[in-house]
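Take a look at the structure set out below.
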Amino acid sequence: MINEISDYLYSFKNKVMEAENIVETCEDIISKYAVYLEKEGFKKDYEENFFTILGYTYRLEDNKQRLFYTFQEAVYAIDLDKLMKNEDSLKLNTIIYILVLNSIIKEYKTSIVNEVEKTKALDTYKIVQQRQAKENKKYHMYQN
């Protein structure tokens, strides 16, 4: 099923779709895939990754932009993984982006923000950014 999901996202490789088109075209399928992934326990298994990417999307206030750019990032990530033949990353990106897209589509359709999820996503993203900053500082120290 993971391959089916990644192939679905990959099918949008040479297309640019606005948020409205994404919802019209993909909402039902993305929702179906997200339900499957949650039922199989993938959301729990990849919780930190999910919240990191979701937190990253919140850098954009406008939900249309969040949906548009996240969809494009998902397609790009799948395309890159396929080109590099990186099966582990392909699986990870497929799972995470479907779950994140499903969350963004729900918010887009209802205009209701899951505040608990948003807070956890922003907190997780902040922790990841701090970790990266610490790593970058270490490398800059060696350059001086």
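All heavy atoms count here, side chains included; hydrogens, waters and symmetry mates do not.
- Environment of OH in Y58: crowded, with over 12 heavy atoms of neighbouring residues, nucleotides or ligands closer than 6.0 Å.
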Ignoring hydrogens and angles, write down the donor-acceptor pairs under 3.5 Å from the side chains of residues 78-96, residues two or more places apart or on other chains.
from : atom 1 : to  : atom 2 : distance (Å)
D81  : OD1    : S89 : OG     : 2.8
D81  : OD2    : S89 : OG     : 3.2
D81  : OD2    : L90 : N      : 3.3
D81  : OD2    : N93 : ND2    : 2.7
K82  : NZ     : D7  : OD1    : 2.9
N86  : OD1    : D88 : N      : 3.4
N86  : OD1    : S89 : N      : 3.1
S89  : OG     : N93 : ND2    : 3.2
N93  : ND2    : S89 : O      : 3.3
T94  : OG1    : L90 : O      : 2.6

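- Residues F51 and E117 come closest through the heavy atom pair CE2-CG, 3.6 Å.
- Side-chain contact check for N102 versus V35: every heavy-atom pair is 4.5 Å or farther apart.
- Across V116, D123, L122, a single residue satisfies side-chain contact (heavy atoms from CB on, under 4.5 Å) together with T119, and that is D123.
- Using cut-offs of 30° and 60° on the angle between ring planes, the pair F12 and F71 is perpendicular.
- The shortest non-hydrogen separation linking N63 to Y108 is OD1-CB, 2.9 Å.
- Residues Y69 and V23 do not share a hydrophobic cluster, defined by chaining ILVMFWY side chains whose heavy atoms lie under 4.5 Å apart.
- Contact annotation: the side chain of I127 never approaches that of T52 to less than 4.5 Å [non-hydrogen atoms, C-beta and beyond].
- Around atom CD of E48, no more than 12 heavy atoms belonging to other residues, nucleotides or ligands sit under 6.0 Å away.
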Report task. Go through E107 and R66 one step at a time and tell me if the salt bridge (Lys or Arg N to Asp or Glu O under 4.0 Å) criterion holds. Result -> CA-CA 10 Å; E107 183 181 319; R66 290 179 54 229; 2.9 Å; yes

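- Counting heavy atoms from C-beta outward, L54 and S103 have side chains that approach closer than 4.5 Å.
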Query raised in the report: Where do K64 and E20 land on the salt bridge (Lys or Arg N to Asp or Glu O under 4.0 Å) test, with the steps shown first?
Result: CA-CA 8 Å; K64 279 185 178 182; E20 297 84 15; 2.9 Å; yes

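- For Q130, the CD atom is densely surrounded, since the number of other residues' heavy atoms within 6.0 Å is greater than 12.
- Rounding to the nearest 0.5 Å gives a distance of 4.0 Å between CD1 of I30 and CD1 of I105.
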